[in-house]
Amino acid sequence: MAQIRTACIGLGPMGLAMSGYFTRFPECEIVAMCDRSESVLNAALDSFEQTTGKRLPGFTSHEELFRSMDFEACAIACSPEVQPSLSVYALEHGKHVLCQVPVAFTEEDCRAIYRAARRSGRVFCCGEETRDWAFFRQWREMERQGSFGKIFYAEGEYLHYEPDWDLFTDAASGTPVRKSEACCRKDADLVPSWRSRLFSHPILYLPHTLGPLLSVTGGRITRVSCFGTRPSGYIYRDFPFRDLECAVMHNDRDVVFQVKAGFTTPHGFKAGTGAHWYQIKGTKQTVEWARSTLDTPKRFTPVPGTHDGEWQAMDCVLSRPEDDHEIRSSGHGGADLFPVRSFLSEILYGTPSPTGLVPALQMTLPAILAARSSEEGGRDLAVPDLSSFDESYRR
Ligand SMILES: NC(=O)c1ccc[n+]([C@@H]2O[C@H](COP(=O)([O-])OP(=O)(O)OC[C@H]3O[C@@H](n4cnc5c(N)ncnc54)[C@H](O)[C@@H]3O)[C@@H](O)[C@H]2O)c1
């Protein structure tokens with residue numbers, strides 16, 4: 001019997017992909033699937049059977065799943081609005097949790113996850129995977145070797161436009177509906193999806209970008225200020241969307257961060273990373289990913305004592321030829337297996353996952369504060385230290 005029997009909760013595109021990744025680890029076995037939409041659930045059960053030959057038990061209620069099945073871990077890939085309550089429920093029922101990014105949209109939910117994980121002693125990890133693109137592994141190694149000098153600035157953006165986002169869910173079947181006409185808001189058969197709510201504050205998706213940057217700079221974000229465009233889309237007309245939000249942050253290692261997020265205006269892709277872009281500046285070196293498909297990753301090395309220096313194309317890639325085939329063939333340019341592997345290692349060997357409880361919440365809280373700051377006209381806000389959550393879990 002596999003050591004870690006796992007149930008998948010939430011079977012949209014990301015949850016279904018996650019179920020496939022878990023099957024690649026011999027220490028793990030997927031034992032059940034759960035989605036509150038019966039049609040989504042049945043499609044996922046069929047797809048899993050086609051690829052693995054195994055028909056799994058399926059559930060439309062997580063309570064029923066927990067009552068009926070014996071398992072050790074859950075992979076949760078639902079709306080970030082419901083992920084916290086599902087994670088807390090799973091932790092309180094003694095399960096380890098790998099939760100998709102972003103793990104929460106409110107400070108109260110972060111506190112509840114922290115408290116439940118500490119009380120239960122179970123592993124909680126976040127599925128942020130882009131931090132394991134090969135170039136981030138390379139930049140972390142450069143920092144370890146001192147090649148950046150003192151890092152003082154980190155910037156990133158996630159600007160992911162789709163002309164036909166799934167802004168609605170079919171009320172009867174729970175399946176996603178890709179319609180963008182404002183008149184759909186009056187259709188009684190459709191309910192707004194979590195994405196349509198997210199797009200009022202796209203900066204809530206900041207953990208996906210901040211996590212990788214923090215993995216290079218280290219430290220904890222202490223202050224945040226954020227501005228956004230008006231809450232009314234310029235392309236998605238008559239939707240209460242902010243087309244772009246930009247957060248400026250400071251960490252406890254004197255690094256200034258700038259992170260942008262937006263989903264509702266086109267920006268053009270970057271080579272390899274699509275909608276993602278990053279830059280790190282240090283006293284000895286600046287590195288940045290390609291800004292467009294015409295561009296390459298590059299580095300700037302100053303000539304000490306002058307205002308001059310040299311820009312060079314940099315050999316940066318998403319996955320390395322020496323990464324094994326399983327890694328290279330996983331989603332998001334070969335990054336998707338990393339969070340699953342580190343989650344399983346933390347459970348089996350106690351090796352702390354780089355996206356475990358503390359780093360997961362440290363990349364999430366600044367996003368929540370940034371959305372609040374944007375709402376309050378850019379007010380500078382302090383990000384709570386997780387040690388302030390300890391009180392609540394000891395009580
Ligand atoms: N790591 C990444 O790169 C990445 C990429 C895409 C999405 N995501 C994250 O993955 C998550 C899911 O994304 P998606 O695109 O698959 O979303 P989705 O909305 O298409 O799918 C979510 C599924 O969860 C189900 N669900 C909602 N509440 C439930 C509940 N209480 N019990 C059981 N099922 C429930 C819905 O019916 C739906 O089928 C989100 O948190 C998203 O941010 C991460």
Side-chain angles (χ1 to χ4, degrees), residues 7-21 32-45 47 58-66 74-90 97-105 109 113 125-133 158 160 162 164-178 191-199 201-212 261 263 273-276 318 330-340 342-343 355 360 363-364 367:
C8 294
I9 308 180
L11 299 166
M14 199 57 205
L16 192 56
M18 293 295 287
S19 70
Y21 299 142
M33 285 183 156
C34 170
D35 195 291
R36 67 180 173 193
S37 158
E38 197 158 0
S39 348
V40 173
L41 172 66
N42 287 333
L45 291 170
S47 161
F59 301 86
T60 51
S61 135
H62 66 276
E63 284 104 340
E64 187 58 30
L65 161 73
F66 279 70
C74 294
I76 298 178
C78 299
S79 146
E81 294 159 329
V82 302
Q83 287 184 157
S85 59
L86 290 170
S87 298
V88 168
Y89 186 93
V97 173
L98 177 60
C99 179
Q100 263 310 319
V101 61
V103 299
F105 278 169
D109 281 340
I113 291 170
C125 290
C126 161
E128 204 301 303
E129 77 289 26
T130 58
R131 71 181 298 290
D132 283 310
W133 274 329
Y158 184 39
H160 180 172
E162 300 277 342
D164 58 347
W165 278 112
D166 49 339
L167 298 181
F168 298 95
T169 305
D170 181 84
S173 67
T175 50
V177 177
R178 286 188 171 267
V191 287
S193 68
W194 64 269
R195 280 199 176 81
S196 71
R197 287 186 291 279
L198 165 71
F199 295 166
H201 277 303
I203 202 67
L204 284 168
Y205 226 78
L206 169 151
H208 215 2
T209 310
L210 181 61
F263 300 94
T273 53
H276 300 272
L318 298 185
S330 73
H332 292 98
D336 274 356
L337 281 195
F338 283 92
V340 181
S342 58
F343 173 62
T355 57
M363 63 177 101
T364 307

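When a ligand or atom number is given, it counts from 1 through the structure's own listing order.
Note on ring orientation: taking the six-membered ring where Trp is involved, the planes of H160 and F263 are tilted (angle from 30° to 60°).
Residues satisfying the side-chain contact (heavy atoms from CB on, under 4.5 Å) test with P80, not counting sequence neighbours, are Q83, P102, F105, W194. Residues satisfying the side-chain contact (heavy atoms from CB on, under 4.5 Å) criterion with E64, sequence neighbours excluded, are F59, S61, R67, S68. Contacts of P192 classified as side-chain contact (heavy atoms from CB on, under 4.5 Å), with partners at least two apart in sequence or in another chain: S196, R197.
Sorted by chain then number, the residues whose non-hydrogen atoms approach ligand 1 to under 4.0 Å are I9, G10, L11, G12, P13, M14, D35, R36, V40, A77, C78, P80, V82, Q83, L86, Q100, V101, P102, G127, E129, W194, R195, Y205, H208, H332.
Between the side chain of R131 and the backbone N or O of G211, no donor-acceptor pair lies under 3.5 Å. Panel note: side chain S193, backbone L167; a donor-acceptor pair is recorded below 3.5 Å.
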